[in-house]
2 protein chains.
Amino acid sequence: MTEKKSPYCGCLLYTANALSRVITKMAEEEFAVVGVAPSHCFLLMTVHNDPGIQASGIAEKMMLTPSTVTRLVEKMEQQRYVQRITDGKYTLVYPTKKTNDVYPAILESWQNLFRRYAEVLGEEVARQLTAEIYSAALKLEAR
Amino acid sequence: MTEKKSPYCGCLLYTANALSRVITKMAEEEFAVVGVAPSHCFLLMTVHNDPGIQASGIAEKMMLTPSTVTRLVEKMEQQRYVQRITDGKYTLVYPTKKTNDVYPAILESWQNLFRRYAEVLGEEVARQLTAEIYSAALKLEAR
DNA sequence: AAATAATGGTTGTATGTACAACCGAATGTT
DNA sequence: AACATTCGGTTGTACATACAACCATTATTT
């Protein structure tokens, strides 16, 4: 039998990156109906569920660096999905009506993404794998 | 008990991306002694182990798109790590002495990366997780 | 109160990656 | 032989993300 495995398939760097790319692509397809990229959709969900959240809070919830959050918020502000209000040294982020309007579509796309990969991997396997990956990410981050 | 879990930790998109970022950062640290970025090191390993490999072959082994391979090879050619030789419509990539010289250091850094995450996750867990992730990536890619 | 440090955020620049459009070479069809 | 198709690769452009340097604002120390 000729299993054509990659010579790097035993390396977590390689496999994690490969999975990230493939699931990101799937997500882009699913979120396309919303007209907003997946990472931006996560931002909108975060802000919708916690209006007035601080930039640093977003960074924490989304596990991203502050500079990345600035960039995401910036772009969504340009497109009038959110509004930034500076209060002293803090920056508070609020959703606009536009976000509230697309919110249901975002949730639906997100559900569809779930369904889609669960169908391929098996629901239980998917859930389990997701949990293991999350646990590993946390442990490795704490280094 | 106050487990501070992310609201998105049940989503494979989120967890896979988070893991990818954290392991990539670790890899950057380890491969820093080589002076070559992780993805470029993988390219060099690939070319070293198969001198004269075609661009498409690199794409397959590394699970990347052709355009990405062009970019990687381009950059390593600029730095004289590899040489491209066009043969009709094919492009063959050869390692130079520079690659052969750093190859041992690359292998060593790669080993160190393994050790480092295995230490955090446990060797067996790491191996198992890597395998599961790879399997999932393959299945999802086949869509 | 002045000087210093810490905190929160933004900006310039860089990396990894992809898609779509393209170009030249090879192959197939009439 | 002329044309069309396919194949392999490159290029323009874009996105997600980060780091390091920076700028305000707030807190701490002297």
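Convention: sequence-line order gives letters A, B, ...; per-chain numbering from 1.
Between the side chain of A:Tyr134 and the backbone N or O of B:Ala16 there is no donor-acceptor pair closer than 3.5 Å. Side-chain atoms of B:Ser135 never come within 3.5 Å of backbone atoms of B:Ala131 as a donor-acceptor pair (strictly under, hydrogens ignored). Not a single donor-acceptor pair under 3.5 Å links the side chain of B:Thr68 to the backbone N or O of B:Leu64.
In this structure, the nucleotide among C:dG9, D:dA16, D:dA18 sitting nearest to the side chain of A:Gln54 is C:dG9. Of the candidates D:dC19, C:dT10, C:dT17, D:dC19 carries the atom nearest the A:Thr65 side chain, counting heavy atoms from C-beta on.
Taking CD of B:Glu123 as the start and OH of B:Tyr117 as the end, the distance is 9.5 Å to the nearest 0.5 Å. For the atom pair CZ (B:Phe31) and CZ (B:Phe42), the distance works out to 5.5 Å, reported to the nearest 0.5 Å. For the atom pair B:Asn17 CG and A:Ser39 OG, the distance stands at 9.0 Å (nearest 0.5 Å). Taking SG of B:Cys41 as the reference point, atom CD of B:Glu30 lies at 11.5 Å (rounded to 0.5 Å).
Following rounding to the nearest Å, A:Glu141 (CD) and D:dT17 (P) show an atom-to-atom distance of 14 Å. For the pair A:Leu64 CG and D:dA18 C1', the interatomic distance rounds to 10 Å; values are reported in whole Å. Note: CG (B:Asn17) to C1' (C:dA18) measures 14 Å, nearest angstrom. For the pair B:Lys75 NZ and D:dT11 P, the computed distance is 14 Å after rounding to whole Å. Per the geometry, OH belonging to A:Tyr14 stands 11 Å off P belonging to C:dT17, to the nearest Å. If you measure from atom CD of A:Glu74 to atom C1' of C:dT11, you get 9 Å, rounded to the nearest angstrom. In this structure, CD of B:Glu60 is placed 15 Å from C1' of D:dC7, rounded to the nearest angstrom. Remark: C1' of C:dG16 and CG of A:Leu13 are 12 Å apart, rounded to the nearest angstrom.
One finds a salt bridge joining A:Glu29 and A:Arg116 here, because a Lys/Arg side-chain nitrogen approaches an Asp/Glu carboxylate oxygen to under 4.0 Å.
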*For DNA chain D, the dot-bracket pattern of Watson-Crick and G-U pairs whose distances stay under 3.5 Å, | for other-strand partners*: ||||||||||||||||||||||||||||||

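In this model, the phosphate group of D:dT10 is approached by a side-chain N or O of B:Thr70 to a distance below 4.0 Å at OP1 or OP2. Between D:dA16 and A:His40, a contact under 4.0 Å exists linking OP1 or OP2 to a side-chain N or O. Here B:Ser39 reaches the OP1 or OP2 of C:dG16: one of its side-chain N or O atoms lies under 4.0 Å away. Look at B:Lys25 and you won't find any side-chain N or O under 4.0 angstrom from OP1 or OP2 of D:dT17. Phosphate contact (OP1/OP2 of C:dA18, side-chain N/O of B:Thr68, threshold under 4.0 Å): present. Contact between the side-chain N/O atoms of B:Ser56 and the OP1/OP2 oxygens of D:dG9 is found at a separation under 4.0 Å. Taking 4.0 angstrom as the limit, B:Thr91 places a side-chain polar atom (N or O) nearer than this to OP1 or OP2 of D:dT10.
Hydrophobic clustering of Ile, Leu, Val, Met, Phe, Trp and Tyr side chains at less than 4.5 Å, counting indirect connections, unites B:Met26 with B:Val33.
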With a 3.5 Å cut-off and sequence neighbours excluded, list the donor-acceptor pairs that the side chains of residues 78-90 of chain B form with protein atoms.
unit_1	atom_1	unit_2	atom_2	d
B:Arg84	NE	B:Glu77	OE1	3.1
B:Arg84	NH2	B:Glu77	OE1	3.0

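B:Arg71 contributes a side-chain N or O that forms a donor-acceptor pair with the base of D:dT13 under 3.5 Å.
Sorted by residue number, the members of residues 83-90 of chain B with any non-hydrogen atom under 4.0 Å from DNA chain D read B:Arg84, B:Lys89, B:Tyr90.
Nucleotides of DNA chain D nearest to B:Ser67 and A:Met63 differ in position, and the one nearer the 5' end is that of B:Ser67.
Using a 4.0 Å heavy-atom criterion, one finds that B:Leu72 contacts no nucleic acid atom at all.
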